[in-house]
Amino acid sequence: MLLPALLLAATPAPAPDAAALISRLKRPVPASTAYTEVRFAHQLTRPLILHGELDYGGADKLGKRVDAPYRETTQVSGDAVTVTRENRPPKRFDLQRAPELKVLMGGFSALLGGDAAALQSLYTVSLVDNAPNWTLTLVPRDAALAKQLREFVIDGTDAEPRCFTLRQSNGDSSTMLLGALASTPLPAPPAPASLAAICRAP
Amino acid sequence: MNSKSRRAAIVAWWLLLALAAIGVQRTLVIGNDLRSFLPPPRNADQKVLMDEIGDGPASRLLLMAISGAAPEKLAGLSRALVGALGSDARFTQVFDGDESVAQLDAKLLPYRYLLSPTLDHAQFDAAFLRDQLEQRLQDLASPAAGALDDILPRDPTLETLELAQRWTPRHAPMLRDGVWFSSRGEALLVAATRAPGLDTAAQADAIAAVRAAFAALPDAASAKLEISGPGYIGAQVAARTRAEAERLSAIGTAGFLLLLLVAYRSPAILALVALPLASGALAGLAAIIFIFGGAHGITLAFGFTLLGVAQEYPVRVFSHRRAGETTAATVRAVWPLLRLAIVSACIAYLAFLVSGVPGMQQLAVFTIAGLLVAGMAARWVLPPLLPEKFDDVAESKWLARAQAWLADMPRPRALPWIALVLGLAALWFAPAPLWQNDLAALAPAPAGELAREGELRAALGAPDMRYLLVLHADSADGVLRLSERISPQVDKWISTQAVDDVELPSRWLPSLQTQRARQAKLPDRATLTGALDTALAGMPFKPGYFAPFLDDVETARALPLLDPQTFERSPFGARLAAMLVQRDGVWYGLAALDGVHDANALAGIAAQTGGAVRLFDLKSASQELVAQYRTRILQALGVAFVLLVLAVVVAFRDWRRAWHVLAPMTLATLLAIASLRACGVPLSLFHLVAVTLAAGLGLHYALFFERPVADAAEARRTLHATLVCVGAAILVFGLLATSAVPVLRAIGATVALGVAFHFVLSTQMAMRRAG
């Protein structure tokens, strides 16, 4: 009895439920969704709240637009990142220099492409299934990255993700409320716990 | 001398030579670089130019690519190789990624306000700080947030990032795990060698060190290290040329020994034939070491070529032995003519001694000492060692027939004149160019290697090899001021794509005046605190978060200005140190260029700055130096020719006899050059040296053919010696002429062709009729 259990533990394939769920998350290309992002940064006395739109243009193509409180566009294509702010020349940099974005990017790509294997190669994936609601927790496999990013949590209902939450090792975190959730009023003041509750319960 | 003691003496002589060779080897410092062979620089400008040719920072770079493994593993190997080479004294710098500004000494960190241009166009007032802080807030909500963690409280205006951008080459390769990678997925590294790029021996040593360090890395086995760069290509080409020369010389030597066996039917000869030449070569080296302390690589190459004449001496001794006479008597009879040949050649080479060029003086000392010692060895040491039993070559039947045929050969008086006219016509109508000034063209690198070097150079954004922007002023700070002054012009060049990038010294360190102006704009603590508080009003930053910023500005206000000496001690200082050099009280700033597309536009800076900034074209400058050097050699050869004519005329005291010797030699030289030119070959230094060697050999042919002889047998011996010499020269140099390496082909074809002309014309114009 012990041997099969060990074998299962050693096999780097997601649990069948998680794989099935991830393949259902596959989006047609191009896809876009509105978001509201709440960021808790240790430098700040209150969280930053941003509104905008996320775009998915196929493998390795991602866009994030901030509409309020300021305007900014971030375009990722392969490893090249371009950040354009109002009235300023665009800034370009390499994805290698922004590990956080690289993980987000790889996660998004795998998630929106419904590619469970790719996701599994980047993260240890675990699923909590309270049908129709579910929570996927991704922990980076790369040690250097894990030093910065503790986990990447996706909450959803049926085949729809509701929230992306990134939790940093230093206690900072950011939660993106997606789609319809982007326009729900936020608790005042927003706190990580209250946001988690919004993400989990429809 | 009996045969036993003779054998002992031969062995003793070889042993002595071997010992001397070891001694010479120990003391000999062979310089490999062309510059010491060039006329001494006359002014500081030329000195800088000479430094930069083959010695500039661009020529010292070894470009490396590691491939054949997963990216993380390649990055690890790259970092480990940098670590291993970092402590190797053969390298001044090894990089595999952008230097991080975090490397800036903590003590130097407050200097960012003096180094960064922000304060040139901004004030640290409330409005500016508010704008900056709003951007930082946006940064905190952006993917770059993690990178800001450490520096934000100290540096809310991100001056460290500004400096990092200034100090990163515009075309830096992409980074993976902090290591440079090419678009093909190879990890890229650059190592700057301490030795100049032209020093092929030192470059080969450095390359071996890199390979050894790489092989010693754990799990390097699966990965592949590729090296390129000017020093690498130079070392490869030199090694290939040497291998080819050695292979052909080995075949040539074997053929020569076989020829001697056939000619003298005595194996004992083989142990003796090389002794005079070897003794001469060692004496030449010893003389150079004694007088100059070291030898130049090209001196040795040219010197050994010219010394080839000495191979004639033992052959003359061997061939002229006659039955019933001791070798000593033979040598006594031949010696006056041999001595005339040696002494007149030495007198001719005196012209090189007075040329004033160190390399040519070395060449003269080497050749004169070598010829004298080789001659003396043939005269006094060789005869007692020769076996007592030998065949008199005069008794050979075929030789008698050959001599009769040559003696009866028609000698139309007009023939030399027709040859002269044809030769001059060929010279006149030959296709341009007359001279080959690009020495690299004589030992070209394979196209594949050059293409790979270009690829890596472009991928790494490594500087251009050919062009260099040179600034000069009366102080280091003056150079920095000048550099700042032309900076707007340089930006214009970059925006109009005349050049991809220019690494101005002021990009690393601003002038004192600029630093002072920036320092003066830094507000005092109270003012800055007030401005910051105003700017922070309503923003969510934690109270007191920017206290380190206030401290750093306060520190920066009181800093002594950063001078080049202090800056050069920082981790970035090596770059600046390589760019600022002093020669004869003049300071030079050397700005490396990357991707020069319009050299003419860049050259215009000289007029705009009254000559204080100039574009150096190292390729055309080095070609000019080669041309200058060639002019010197030609002048020296001209004087040498005059001295030779005088020596021969004085020795003969007879114009007619001197004419018979000198006319065929001169005409044959002319015809050899004319033939090369008619085939469209541009002439190089190597052709000139080869022509000189052939002329030295031709002088012997003419002298001996012209010699009045007592009987027909002696004439046959003369012919025998000459045929052995001609056969040997054509064999050895004809083989070189088959080489694919242009420099070997140049020397081989020229000598073989020249020897053929000298022989034919000597039989036509110098040979006495039998009887």
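- Interface remark: A:L44 contributes backbone and side-chain atoms alike to the contact with chain B (heavy atom separation under 4.5 Å).
- Distance OG1/A:T45 to CZ/B:F541: 9.5 Å, rounded to 0.5 Å.
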Exercise for the section: Could you check A:R85 against B:Q138 for side-chain contact (heavy atoms from CB on, under 4.5 Å), going step by step and ending with a plain yes or no? Expected result: CA-CA 10 Å; A:R85 281 181 190 163; B:Q138 298 176 13; 3.1 Å; yes
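- Remark: A:K26 NZ is loosely packed, at most 12 non-hydrogen atoms of other residues, nucleotides or ligands lying under 6.0 Å away.
- Environment of NZ in B:K224: sparse, with no more than 12 heavy atoms of neighbouring residues, nucleotides or ligands closer than 6.0 Å.
- Shown here is B:Q497, whose CD atom has no more than 12 heavy atoms of other residues, nucleotides or ligands within 6.0 Å.
- The closest side-chain heavy-atom distance from A:Q43 to B:L140 is below 4.5 Å.
- No more than 12 heavy atoms of other residues, nucleotides or ligands sit less than 6.0 Å from atom NZ of A:K61.
- With a 4.5 angstrom heavy-atom cutoff, B:E134 does not touch chain A via any of its atoms.
- Contact of B:L137 with chain A is made through backbone and side chain together, with heavy-atom distances under 4.5 Å.
- Annotation for A:R71: atom CZ does not count as buried by contact number, only 12 or fewer foreign heavy atoms lying within 6.0 Å.
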